[in-house]
Amino acid sequence: MSVVDALFGAFTVPFMARALLVMLVLAMVAGIVGVLVNLRGLEFISDGLTHAVFPGLAIGLAVGGTAGLLPGAAVAALAAAVVLTWLDRAGIASDAAIAIVLTATFSVGVIVVSRGDDYAGELEALLFGRVLTIPPAEVLPLVGVCAVALVAVALTMKQQLFRAFDARGSRAAGDSPWSLDLVLNGAVALVVVAAASTIGTLLVLALLIVPGAVARLTTQRLWLLFPAAALFAAVAAWLGLAVGFAGSVGAGIDLPAGSTIVAVFVAGYVLVLTGRQVADRLGRPPAAAAGAPPVTASLAATVGEGR
Amino acid sequence: MGYFERALLASIVIGAGAGFVGALVVLRRRTFFAQALTHGTYPGAVAAAALGVSVPLGAAAASVVLVAVMSTIARVRRQGAQVAAGIVLTGGFAAGALLQAVIPGLPVRAESLLVGSILTVTDADIVLAAVVAVVAVVAVAVFGKEIAFSTFDPSGFRAAGYREWPVELLVLGLTAAMVVSALPAVGAILAIALIAAPAAAARLVVPTYRGILLAAPVIGAASGIIGVMASRALAVAAGPSIALAATGFFVLALGISKLRALPWNRVAIPVETAEDARIA
């Protein structure tokens, strides 16, 4: 199988075309939301959301079969978004508390699954996803969920950025931090919902974190972060699907599609990180670091050492 | 010893050990780090099974490597600890799943590594956990003063002429060893519950350092017993029910500490306002 065949020919098969469509939409939206997650330092909360969605998926699957996945996950994710926003706001959300909450919700999910008949198979499908077996009827709802997340973020984009860089200024200007946080966490939750029923709960976090991190490495211009993240995510998703297809059909190695996509994301990150380090070592006199645009300086203050 | 008694014994040993080490982790605020460690064990365990070497050894090696990678990424400008942890842990899961797919016929199963299967623990697993727990207790007994000093006053510790990295390395090593020996009971995803929850619960109700080090193992062991019992009584998976039992203790402790903080015998503070003076 030639490279062109793997990159383009593979997607003439209907189920691959469906997977590509869903993954492209999902990756681009996750990339854009991921930039905000990165700027606000919400990675651990996103991790909490991905785990919290799991019982929703499990209960949805137990009640309504495959069709119940999306509604179940949506209910769980939105509830978790409200709870985590509240915990964060009330100042209770220490690392230990989030870790306990997320393992507890995860345990509930595993227990629900373990009551079913095909424990091992179902658990694995929920954890590592089913990219290639998305039913045609689910494509539209999945794209719709992504679109809602994108619209929510786009409408509040200016205020979100203000809050990310100058939380007190944003509050003084009259923006409600509570509702902004809720909108952002809600958007993250919707992305997690769409991703959880495709590439699996364990791997969603890569879609949210990696593109944002790559964008931060490639550019210092604020508005270029968003296209950079979306572009990286789309290309990586496409390559990941192609590699998975080439491996499974061409080389006869049964690569799981979700894990392959995430592996390509991480490999892309490593590539960009190394390139950035090399470029920094070679080309930049120390003055460049001192004269870095204000974006970097204020970010170091707001994002800091994470939580 | 039947399989159930063995599972009960394993849950007590692992719960107590994880609670003890968890107390250090929670007090030193390394929960997020410990979580990345637990997630990093998954690809290591799969790779070790593929190479035919001991699974706990492979898991420990991989988790230490991943933590090293994580702390390197965390120091890059415009990245940070959370980004590093997120990338390392999802990358670890993807690598584990890929390895499992590429190498067919592995003797390990994904779900037993991820959520544990305490009913199939071997005597060697129990011995390993017991050894780790004993080593942890001995280490804390010998270096307890230094650990406490560096935990509660890092800058004072440095100013007094001590170096930080030996203590950090000791705690990190104990955490990694404990995580690896807890794998058979609760698996890679839920191990953090057994480490964080008993210690966090103990910290809420016990005021002293020594008290927390004593209370956390007791809570951990109790979570293990309750979890295994509930798993048999209700026919649910054992790993998650242990994790939920530990969470239950945390919620209980949270309730107790909140109730204790309530002003039970509040005396009204007499404040005389101008309005009162006018009426009187």
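All chains are named by letter (A, B, ...) in the order of the sequence lines, taking the proteins before the strands, and each is independently numbered beginning at 1.
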Legend entry - Closest heavy-atom pair and its distance - B:I219, B:A202: CD1-N, 4.0 Å
Inset, instruction - Please state whether the side chain, the backbone, both or neither of B:I73 comes within less than 4.5 Å of a heavy atom of chain A. - result: side chain
Legend entry - Check against side-chain contact (heavy atoms from CB on, under 4.5 Å), A:M23 and A:L241: CA-CA 9 Å; A:M23 280 314 297; A:L241 276 174; 4.0 Å; yes
Inset, instruction - Using a cut-off of under 4.5 Å on heavy-atom pairs, state which of B:I195, B:L98, B:V251, B:I192 scores highest against chain A. - result: B:L98
Legend entry - Closest non-hydrogen atom pair between A:I100 and B:A200, with its separation: CD1-CB, 3.8 Å
Legend entry - Under 3.5 Å donor-acceptor, A:R276 side chain and A:L217 backbone: yes
Inset, instruction - Evaluate the ring planes of B:F152 and B:Y209, with Trp represented by its six-membered ring, and classify them as parallel (under 30°), tilted (30 to 60°) or perpendicular (over 60°). - result: perpendicular
Legend entry - Where B:L244 and A:S107 come nearest, the two heavy atoms and their spacing: CG-CB, 3.7 Å
Inset, instruction - Below 4.5 Å from any heavy atom of chain A, which atoms of B:A197 appear? Answer side chain, backbone, both or neither. - result: both
Inset, instruction - State whether a side-chain donor-acceptor pair under 3.5 Å links B:S150 with B:R158. - result: no
Inset, instruction - Considering only heavy atoms and a distance below 4.5 Å, find which of A:S46, A:A206, A:G200 pairs most often with chain B. - result: A:A206
Legend entry - Shortest non-hydrogen separation from B:A246 to B:P198 and the atoms involved: CB-CD, 4.4 Å
Inset, instruction - Go through the atoms of B:F93 and report whether side chain, backbone, both or neither lie under 4.5 Å from a heavy atom of chain A. - result: both
Inset, instruction - Can you tell which part of A:L205 gets under 4.5 Å to a heavy atom of chain B, answering side chain, backbone, both or neither? - result: both
Legend entry - Close approach to chain B in residues 265-275 of chain A, criterion heavy atom under 4.5 Å: A:V266, A:Y269, A:L273
Legend entry - Heavy-atom pair of closest approach, residues B:L99 and B:A47: CD1-CB, 3.8 Å
